[in-house]
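Order of appearance sets the numbers: ligands from 1, and atoms from 1 within every ligand.
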Amino acid sequence: MPLHTRSTTPVENCEICHGDRFIQVGSKDREGLALRTVICEDCGLVFSDPRPNSQEIDDFYRESYRVAYKQAWQPRLQHTYRAGKVAEERLNYLMPLLAPGRAICDFGSGGGELVFILRELGYDASGIEPNTGYAEYSRDILGIPVQIGGFASARVGQDSLDLVTLFHVAEHLEHPVHALHTIAGWLRKGGRLLVEVPNVESRCIWPSSRFHQAHLYNFNPATLAQAGRRAGLSVVDSFASSDGGNIMCVFEKPELPDEAAPAPLPGNAARVLEVLRRHTVLSHSLTQHPYRRPVQKLLRRREEAAAVRNATDGKTLLQTIAREIGARGMRAAQSVPESMLSSGGGGLAGV
Ligand SMILES: [Zn+2]
């Protein structure tokens, strides 16, 4: 059952600034189903209003989400290969944050591909995944340490982790600031949190594809950074993917955590509204994105089909990817020196 046909509750206050003045910016999701999306006039956070109730959200992710989107209870070989290649891309910007012996946790670890590859490369990595089928697959078939469940049930020691990654998770959460606050408790002082979410200012998708029923929040760089500050984290770096479709923020747990009070972000709502207003079907059709994406997808599918043709299982596929990464020198023993860890994710393009 789709998430927004379950019981929902009107949103009274903005998650980030606690404001209550919202403007509707969307009435449908990317499938054409009813989905009311609003922007907070005071800080520019974009979110679904009304919002599904917490029990409905938990049930959806535990049982339905991966099936609804991948038509499978457990990842197929092609999905494992694709996720392995995505993990490889993520390692490019995770590397400046990694060092031997550091404890890493990937929240929303899915099929466990990133955790598995990190462990093959010699890192102390584990995962947390709310979907039962995917979590059991990664634990039982890939043999990696994965807790099954969400934030409420996660058993992680306070001040026990050096790095937490949150790839395409924060936009799904009922209360992302609260979740980031929980993660801040798991981190050691100086520990890092890397969050990647879709960019609400993205121009690489059709305007009608912007809103998604499972994305309760739609961040831009300012609102993502502010969500972390509200949770007591400091912002070390912020950058976008090459096509502008995703934004990443690297946070650090400071010596003396200082939670920012709820406050407006002047000018941010006007900025987001202007991006949405200018991104029309006509303006999008005049860019290269609608023509390049199908070609890229076709080429990717062909590469995936070739890669899995003679593969026997997902674990072997991921071992092959990890070996290729290791051969390029991206192993724990050869990771960046300690001094790099405080350099703000050096070499990353700012936005
Ligand atoms: Zn707000």
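Between Cys40 atom SG and Cys43 atom SG, the angle centred on the Zn ion (ligand 1) amounts to 120° (nearest 10°). Geometry at the Zn ion (ligand 1): SG/Cys17 and SG/Cys14 form an angle of 110°, nearest 10 degrees.
Other residues, nucleotides and ligands contribute more than 12 heavy atoms inside 6.0 Å of the CZ atom of Arg139.
Inspection of the His18 and Arg230 side chains reveals an N or O donor paired with an N or O acceptor under 3.5 Å.
Between Glu88 and Lys85 a salt bridge is recorded (basic side-chain N to carboxylate O distance below 4.0 Å). Remark: Glu274 does not engage Arg271 in a salt bridge, criterion side-chain N to carboxylate O under 4.0 Å.
Checking His18 against the Zn ion (ligand 1), every N/O/S atom stays at or beyond the 2.8 Å cut-off.
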